[in-house]
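Contents: one structure, followed by commentary.
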Amino acid sequence: MPETPEQSAAGRFDTVLIANRGEIAVRIQRACRELGLKTIAICSEADREAPYGSTADSFLCIGPSSAAKSYLNQDAILLAARLAGAGAIHPGYGFLSENAAFADAVEKAGLIFIGPTTSSIATMGDKISAKRAMMAAGVPCVPGPDTALPDDPATIERIALEIGYPVIIKAAGGGGGRGMRVVPKADVLHEAIALTREEARQAFGSPSLYMEKFLQHPRHIEIQVICDDHGNAVWLGHRDCSMQRRHQKVVEEAPAPGIASDIIQPVGLACVQACLQIGYRGVGTFEFLYEDGAFYFIEMNTRLQVEHPVTEMTSGVDIVQAQIRAAQGHVLDLNQGDVTCEGHSFECRINAEDPETFLPSAGVVTHLALPVGLGIRVDTHIHAGYKVSPYYDSLIAKLIVHAPTRTEAMARMREALAGTEVEGISTNIHSLRALFEDGAFARGETDIHYLEQWLKLRRAA
């Protein structure tokens with residue numbers, strides 16, 4: 001799809017402020033450098049020694065260690081962008097990446113937000129409006145109404161009966177595994193709703209809830225999309241992110257094992273159609289529960305995902321560069337027929353955490369050894385002597401492998417994990433090594449509850 005001169009020049013910028021930290025700041029900086037763009041790194045006082053500061057064109061401290069006063073401080077980020085001469089802001093993931101108000105403030109400041117439009121973020125950020133949009137586009141959804149729960153107890157009881165127990169109550173503005181509660185039977189329904197409403201009010205600023213059928217043994221499947229501003233969109237295959245603890249992903253893989261292409265293809269095409277209908281721009285991820293051969297949409301993440309590398313490894317597409325080019329106004333340089341996913345990829349999230357309690361583990365990394373070799377990739381910001389802060393997410397590295405088959409990829413991940421050493425802090429590396437020796441996981445016989453049950457059995461042994 002060749003570009004006209006006008007399209008090629010649309011939205012051009014040459015300097016990007018990276019409004020994030022850690023491994024994703026490193027990843028975005030690399031993509032910018034490969035595209036010939038300058039980068040501005042920011043930090044809190046806790047991250048002054050971050051190694052990506054020395055490789056950026058500018059490095060600015062924007063506030064104290066608390067994320068609320070630094071990485072979530074919109075005014076400070078916009079001021080840094082103005083002072084350093086940024087033309088665009090990349091939010092990474094987490095923090096302000098799905099904040100419609102921030103995206104709007106960036107655009108009003110005359111800068112480009114490297115992500116979807118404000119309206120797309122708002123539509124997909126509210127789970128009720130997102131479900132409504134997906135149903136209109138023909139994307140399969142979890143059984144349940146596309147409206148907020150009313151206040152009337154009798155009406156709520158009727159909705160639950162129509163769906164059928166067990167049901168799950170979710171915050172309309174929720175995310176990250178918060179603001180949801182499973183209701184197994186009618187006699188605990190109203191208590192669950194009261195608790196979830198208050199949790200939603202405190203966490204997301206809105207008490208709005210909705211109700212869906214609770215699927216008991218699903219897998220978590222994702223579809224990655226890329227869209228431009230010129231009516232083009234593609235999907236890049238699928239991922240399985242079922243290995244979760246407390247709704248947080250630990251291991252991801254692409255493609256999802258055991259799902260035939262004729263089953264997944266209509267879903268992928270429906271996701272593309274949904275993007276076109278809402279005028280979506282950039283990269284995004286449709287998340288589904290998959291059970292008994294059926295897909296059920298749960299939400300769309302309007303940002304770059306932590307697990308994007310497994311799709312990069314199988315599709316050969318640099319997703320971060322594609323995201324930046326979309327924000328520049330370029331026409332998507334591939335169509336659906338160009339997308340060919342090959343081989344199999346796994347990603348392990350290496351977290352600085354106590355392996356028994358899962359509490360974050362702060363401290364100095366006294367020794368670090370990372371694996372190298374064919375089909376092995378490590379995304380990280382740490383090094384020997386790096387001080388892991390207690391203020392932020394515990395993710396310190398992502399270990400990614402790629403091989404021709406799933407069996408070979410598992411073997412390669414075992415090799416890579418064996419060659420990974422982090423000393424001075426506690427990590428989950430030993431648990432990851434054990435998981436890749438587990439028979440049920442190797443056979444693909446797992447669901448979203450499997451990892452928590454597996455960890456519970458290991459602690460009891």
Side-chain angles (χ1 to χ4, degrees), residues 1 31 90-93 97-98 103 113-125 127 129-131 133-141 175 220-241 252 254-256 259 261 263-290 295-341 345:
M1 286 175 274
H90 197 308
Y93 55 71
S97 61
E98 293 181 286
F113 181 77
I114 301 180
T117 63
T118 301
S119 62
S120 290
I121 296 173
T123 296
M124 303 312 292
K127 303 304 183 290
S129 63
K131 184 173 184 177
M134 293 306 100
M135 292 175 74
V139 177
C141 295
H220 182 122
I221 308 297
E222 296 182 346
I223 289 179
Q224 175 77 61
V225 295
I226 303 177
C227 316
D228 64 21
D229 265 331
H230 310 286
N232 305 299
V234 298
W235 64 288
L236 300 179
H238 48 102
R239 306 185 282 253
D240 190 315
C241 305
E252 302 97 353
I259 301 179
S261 59
I263 294 177
I264 191 75
Q265 187 172 18
V267 181
L269 294 176
C271 291
V272 167
Q273 185 59 36
C275 289
L276 296 176
Q277 286 190 16
I278 65 172
Y280 195 81
R281 178 192 70 200
V283 304
T285 297
F286 289 79
E287 299 196 348
F288 294 87
L289 295 180
Y290 175 76
F295 285 88
Y296 302 97
F297 171 80
I298 49 175
E299 66 178 339
M300 182 184 186
N301 287 296
T302 56
R303 56 171 168 80
L304 189 67
Q305 292 280 94
V306 177
E307 58 271 23
H308 75 273
V310 293
T311 299
E312 290 187 326
M313 300 291 267
T314 51
S315 69
V317 175
D318 189 310
I319 293 172
V320 183
Q321 287 193 21
Q323 182 186 29
I324 294 169
R325 284 178 56 80
Q328 286 182 308
H330 289 290
V331 174
L332 197 62
D333 58 3
L334 75 164
N335 56 45
Q336 198 62 59
D338 299 322
V339 178
T340 55
C341 295
S345 180

Could you tell me which non-hydrogen atom of [X] sits nearest to which non-hydrogen atom of [Y], and how far apart they are?
X      : Y      : value
Gly329 : His230 : O-NE2, 2.8 Å
Ile226 : Ala322 : CD1-CB, 3.8 Å
Ala254 : His238 : CB-O, 3.5 Å
Pro140 : Phe288 : O-CE2, 4.0 Å
Ser97  : Phe113 : O-CZ, 3.8 Å
Asp229 : Ala326 : OD2-O, 4.4 Å

Can you tell me how far [atom2] of [Y] sits from [atom1] of [X], rounded to the nearest 0.5 angstrom?
X      : Y      : atom1 : atom2 : value
Phe297 : Lys127 : CZ    : NZ    : 8.5 Å
Met124 : Ser119 : CE    : OG    : 11.5 Å
Phe286 : Ile298 : CZ    : CD1   : 12.5 Å
Thr302 : Gln305 : OG1   : CD    : 9.5 Å
Asp333 : Asp228 : CG    : CG    : 9.5 Å

| query | Passes side chain to side chain contact (heavy atoms under 4.5 Å, CB included), Val283 versus His308? Steps please. | reply | CA-CA 10 Å; Val283 304; His308 75 273; over 6 Å; no
So, [X] side chain and [Y] main chain: donor-acceptor pair closer than 3.5 Å or not?
X      : Y      : answer
Glu222 : Asp240 : no
Glu312 : Ile319 : yes
Gln224 : Gly237 : no
His330 : Arg325 : no

| task | If the plane angle is over 60° it's perpendicular, under 30° parallel, otherwise tilted; pick one for Phe295 and Tyr290. | result |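 Ring orientation of Phe295 relative to Tyr290: tilted.
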| said: Among Leu332, Leu276, Asn335, Val272, exactly one meets side-chain contact (heavy atoms from CB on, under 4.5 Å) together with Asn232. Which residue is that? | reply: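 Result: among Leu332, Leu276, Asn335, Val272, Leu332 is the only option passing the side-chain contact (heavy atoms from CB on, under 4.5 Å) with Asn232.
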| Close side-chain approach of Ile223 to Ile264, heavy-atom, < 4.5 Å |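 They are in contact (side-chain heavy atoms under 4.5 Å apart), so the answer is yes.
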| field | Side-chain touch Cys275/Met300, heavy atoms, less than 4.5 angstrom | value |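 Contact flag for Cys275/Met300 side chains = yes.
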| request: Using only heavy-atom distances, determine whether the side chains of Arg239 and Thr311 contain a donor-acceptor pair under 3.5 Å. | output: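 Arg239 vs Thr311: donor-acceptor pair found between side chains.
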| Should the pair Glu98-Arg303 be classified as a salt bridge under the 4.0 Å nitrogen-to-oxygen rule? |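 A salt bridge is present here (some side-chain N lies under 4.0 Å from a carboxylate O).
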| task | Verify side chain to side chain contact (heavy atoms under 4.5 Å, CB included) between Trp235 and Cys271, making sure each step is shown before the conclusion. | result | CA-CA 8 Å; Trp235 64 288; Cys271 291; 5.6 Å; no
